[in-house]
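Below: one structure, written as structure tokens.
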Amino acid sequence: MTDRKSRREFMGLTAAGVAGALAPSWMGGAHAASVAPISQSADPDLVVFNAKVYTMDSAAPRAEAFATSGGRFIASGSTADMKALIGKRTQTFDAKQMTIVPGFTDCHNHAGGNTLLYEVLVGNPFEVEFVTIASIIEKLRAKARTTPPGTWVEGYFHDDTKLKDKRLLNARDLDQVSTEHPVAVYHRGGHTSFYNSKALELAKVTKDTPNPPGGTFDRDANGELNGRVTDRARSVFNGVGVRPKFTPEQSAQRDRDGIAHISKQFARYGLTSVHHEGGDLTAIQEVRARGDLHHRVSYEASGRVLESMITSGIMSGFGDEWIKFGATSEHTVDGSFSERTMALSIPYPNVQPPYKGNVTETQEELNAWVERVHRAGIQVNCHANGDVAIDMYLTAFERAQKVAPRADARPKITHCTLINDDLVRRMKALGAVPAMFTTYAYYNTDKFPFYGEDLMKRSMAYRTMLDAGIRAAAGSDFSPGPFAPLMGIQGMVTRTGWDGTTWGANQRISVDEAIRVNTINGAYASREETLKGSITAGKLADFVVLADDPHTVNKEKIKDIEIVRTVVGGTTVYQA
Ligand SMILES: [Zn+2]
């Protein structure tokens, strides 16, 4: 990529004249074996020394220094050994004893940059932050002032348990925004929304409207609508009011700018590889071409894109080291963990009448879908939260392997939240790769009382998975969960939330294990463990410089460690 090479800079040093004089890039595989190691034939592009390097490579777990060339690591070792490689055109970076780890990987992210860039955000997408209902009203009023009456005024990233007011937002609050605009506030979890009276009136919803199947119009103690609407009941708002219209060109431009924007956010938090749950494939390619893609994309297809992969014979792994087809996007088998609809084998504690969550597909439908995708050579990926849904998915995959055996297929389980011994044994036998919630253990403890400690001991079960030899990876599920890897690591290590409560402490893992989960295990989940995920000669030079060492700081402060620098393919993409 021309623009990438032209931006080959480190530490603010200009690399003028360097890009054109680069040695042939490190090709890897059979081709590289036929040429001399690059460290002998050319100066490294970069030598980093005087660092505490945690390589996540079990053959050499620690180093003080490393060298990169052509976007790849070419050597690691002691500061003295690496300094000996420095040549005339080598840039150098004295890390002054800061910590360096491989770039982080998020294996489940909806990567919706448009919302972050263009919409009114009434909650903090990235951190635990309590806001007031007054601040939500104020932000939406400002939007209403520039919006014609009758057109929707909408707020995003609301979290009902992150309000200083300690009560639910309601229609009367949103009537203070406007009585002439329909107003909606969307929960970041994606299953509940809050509306003002104008919106309810336009949708012809009254206190006498019955709840439709799969959703509710919530009411207060007096039976009046309170403005909270759940799941499928929200579809009545789709056709009412005016929504902004965009030309195809405008939509494409928003998609591109959205991807470029979220890519910057990923870099800011140290993510160098992200598994994209869908999104506009054209926009991702165009953003890369213009030099604004700062992270590597494992693209998870559904719908039209997945169908064209199957019909044209495109399998997982097609693409290059920047944009590659990964597993499918999450094929949904059950409901949500944070919004309490996942499918359990026992009733939810303290819910009457007894409720066991939602299974959203029959075993037969699931079997057929899994077999079809598996036969096409595409890595299967299902969203399964509850033990019932995980069992259904494993049953479908065991069957697919019988009718169409494929070695090392690595079925991906998105979320894989509530497990038991039998499920773990079957996952291990199939070589399944779970991508489990990461930041929830810190961010969402206010929602765990709905499950209780007995179930939380078996939820987000990193300890159990690693002990069983299963390569569990990290899946933030942004936007429902924040994606900051350090917040995720802190939660895995402490199992203690922002509110000081601890849930399922038996599932704690060590700092080193948590870093592995967020790096090399993520690479394994997309079958790229020989390409990235550790600081190993020959792998892509993706790494993160941290101001403090997560192994030695107070465990409750891991999430606050400053990301000093994020580097992808030897190029700095973020600098504090
Ligand atoms: Zn998801």
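Atoms within each ligand, like the ligands themselves, are counted from 1 in listed order. Index from 1, following the sequence.
His295 and Ser263 share a side-chain donor-acceptor pair at under 3.5 Å.
Sorted by first then second residue, the salt bridge (Lys or Arg N to Asp or Glu O under 4.0 Å) pairs that include residues 359-371, not counting sequence neighbours, are Glu371-Arg375, Glu371-Arg399.
Ring geometry, His331 versus Trp369: the interplanar angle falls under 30°, so the pair is classed parallel (tilted spans 30 to 60°).
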Distance-only criterion, 3.5 Å: show the donor-acceptor pairs between side-chain atoms of residues 471-479 and protein atoms not counting sequence neighbours.
residue, atom, partner, partner atom, Å
Ser476, OG, Asp106, OD2, 2.6
Ser476, OG, His108, O, 3.4
Ser476, OG, Phe478, N, 3.1
Asp477, OD1, His108, NE2, 2.8
Asp477, OD1, His110, NE2, 3.0

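Listed by chain and number, the protein N, O or S atoms at a distance under 2.8 Å from the Zn ion (ligand 1) are His108 NE2, His110 NE2, Glu330 OE2, Asp477 OD1.
For Phe130, the ring pair (Phe, Tyr, Trp, His ring centres under 6.0 Å) partners are Trp498, not counting sequence neighbours.
Two rings, from Phe194 and Tyr186, have their centers 6.0 Å or more apart.
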